[in-house]
There are 2 protein chains.
Amino acid sequence: MNLPPLVQTFVLHFGEMGSRWGINRTVGQIYALLYLSKEPLNAEDIVERLGVSRSNVSMGLKELQAWNLVRLQHKPSDRRDYFSTPDDIWQIVRTLVEERKKREIDPTMTLLREVLMQEPASAEERHAQDRMREMHDLFELLTGWYADVQRLDTERLVQLLTLGSKVQKILEMKDRLFVVPGSKKSRRDDAKEK
Amino acid sequence: MNLPPLVQTFVLHFGEMGSRWGINRTVGQIYALLYLSKEPLNAEDIVERLGVSRSNVSMGLKELQAWNLVRLQHKPSDRRDYFSTPDDIWQIVRTLVEERKKREIDPTMTLLREVLMQEPASAEERHAQDRMREMHDLFELLTGWYADVQRLDTERLVQLLTLGSKVQKILEMKDRLFVVPGSKKSRRDDAKEK
DNA sequence: CCAATATTTCAGAAAATTCTGAAATTTCGG
DNA sequence: CCGAAATTTCAGAATTTTCTGAAATATTGG
């Protein structure tokens, strides 16, 4: 491995971290390297810096492309493929969340919907189905939130995140200001009192 | 594997899904089984239903305990260990997020902080450090948001998630209502115009 | 077109992980 | 305490994943 120490530390860490995700060491290292690099890199650059085989890099890049995590580009009068990550880190986050949802949540939701259609044949199955329904509803809530928030432009997203749970305070304020006292909606807070 | 079809479908799916996480098939299956089960199960129960070795179950349960994902309990006049998942699915989510943060984010933040202290020895290292700083700041924002939201009770958390980006609307409303026109704070929206 | 260059594919080697059975250790009722 | 029951440990077998080198395929400047 042929990298400045500071870069190497990061690349090695991401290689190890990859295993905690569904990603292998080389893929993690390639991504880390591209993320830190100012200039786009071609496959041979990556081979030299990471010290892995050309074919391994080829497969790694293919996987990263399948994840939409790298951008392929070309330099004038150079037929080699150059790869880079988006400059905007928020774009990276959005892609990551999107792709993980696609691979992990969506198939699970499909399965849950299927299983929830079936008729339980025993008390045991009935209970299992109830549990699956809880999970289904939870995922629905989370993905709904995500679908909503994902549309915000970055500035507003950051604003929202910075606010954190302080939003809650504003909600309470809103409730107090705009809900007609005695109406159905305003009873929520009363309920807490009991 | 000796399970009602509906349960088996879910257990097999979670087994496969486990690989996408850092968790192995058996651990995924054990967790799925416990999640669906009304009654706590002992190790031998799990062996029978999943058809894996006793030692494999032992190691799987140990791992799930390390993740705080299962609860160990005992039945009167039975010395065997019985395992279950929390009834409250939100408790499960909280634990999962907490543990993943502990294993993935925290070590990465430690590394980033260390590397950001060092003096870059070249333009390349300087750029790499800038990129790492972006990541560091991003994680700080996200974990800050999480730390904040994590404290909410479930009812309010659900409320917040249901609202999604509509929060934004309320924020704008708040701005319009309470910010003194011409003050520093009220200029945020003006900036967007240019 | 074609030859040089670039990239991908893929079979099998290497490495890592998962799983098992047997043995060791722990626990606790009597 | 003892011994039966329960659990854990662990060496190595089985399986899966990762990685490589060689060969095949694709691309493009001239």
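Order of the sequence lines fixes the chain letters, A, B, ..., with proteins taken first and strands second; residue numbering starts at 1 for each chain.
- Among the protein residues, B/R25 comes within range of the sugar-phosphate backbone only, with heavy atoms under 4.0 Å from sugar or phosphate atoms but none that close to a base.
- Between B/E98 and B/K102 there is no salt bridge, since none of the side-chain N atoms of the basic residue sits less than 4.0 Å from a carboxylate O of the acidic one.
- The separation between A/N24 atom CG and D/dC19 atom C1' is 9 Å, rounded to whole Å.
- The separation between B/I46 atom CD1 and D/dT7 atom P is 10 Å, rounded to whole Å.
- Within 6.0 Å of atom NZ in A/K62, 12 or fewer heavy atoms from other residues, nucleotides or ligands are found, so the atom counts as exposed in its surroundings.
- In this structure, CD1 of A/I23 is placed 15 Å from P of D/dT17, rounded to the nearest angstrom.
- A close approach under 4.0 Å does occur between a side-chain nitrogen or oxygen of B/S58 and OP1 or OP2 of D/dT8.
- Atom NE2 of A/H74 is separated from atom P of D/dG29 by 10 Å (rounded to the nearest Å).
- In terms of phosphate contacts, A/N42 brings no side-chain nitrogen or oxygen within less than 4.0 Å of OP1 or OP2 of C/dA6.
- A/D81 comes within contact range of the sugar-phosphate backbone alone, with a heavy-atom separation under 4.0 Å but no base atom that close.
- Spacing between atom CG of A/L72 and atom P of D/dT27 amounts to 12 Å, rounded to whole angstrom units.
- Here the rule is side-chain hydrogen bond (donor to acceptor under 3.5 Å, both in side chains) with B/S84, and of B/R71, B/K38, B/Q73, B/E39 only B/Q73 fits it.
- Among the atoms of the strands shown, base atoms are found under 4.0 Å from some heavy atom of A/N56.
- With the nearest nucleotide of DNA chain C identified for both B/V52 and A/L61, A/L61 has the one nearer the 5' end.
- Among the atoms of the strands shown, only primed sugar atoms or phosphate atoms (P, OP1, OP2) are found under 4.0 Å from some heavy atom of B/R80.
- Atom CZ of B/R131 has more than 12 heavy atoms from other residues, nucleotides or ligands within 6.0 Å.
- At the heavy-atom level, A/S19 lies nowhere under 4.0 Å from the strands shown.
- Map A/K62 and B/R54 each onto its nearest nucleotide of DNA chain C; the residue landing nearer the 5' end is A/K62.
- Here the side chain of A/M59 is nearest to one of D/dT7, D/dT20, C/dT5, namely D/dT20.
- Considering only side-chain atoms of A/S53, the nucleotide from C/dT9, D/dT7, D/dG21 that sits closest is D/dG21.
- Rounded to an integer number of Å, the gap from B/I30 CD1 to D/dT7 P is 13 Å.
- With distances taken from any side-chain atom of A/R79 to the nucleotides C/dA6, C/dC10, D/dC10, the minimum falls on C/dA6.
- Atom CD in B/E63 sits about 8 Å away from atom P in C/dT18, given to the nearest Å.
- The environment of A/R49 atom CZ is dense: over 12 non-hydrogen atoms of other residues, nucleotides or ligands sit within 6.0 angstrom.
- We find that NZ of A/K75 is positioned 17 Å from C1' of C/dT5, with the value rounded to whole Å.
- For the residue pair B/N68/B/T95, the side-chain donor-acceptor check at 3.5 Å is not satisfied.
- Looking at heavy-atom distances under 4.0 Å, B/T26 makes contact with sugar-phosphate atoms alone, never a base.
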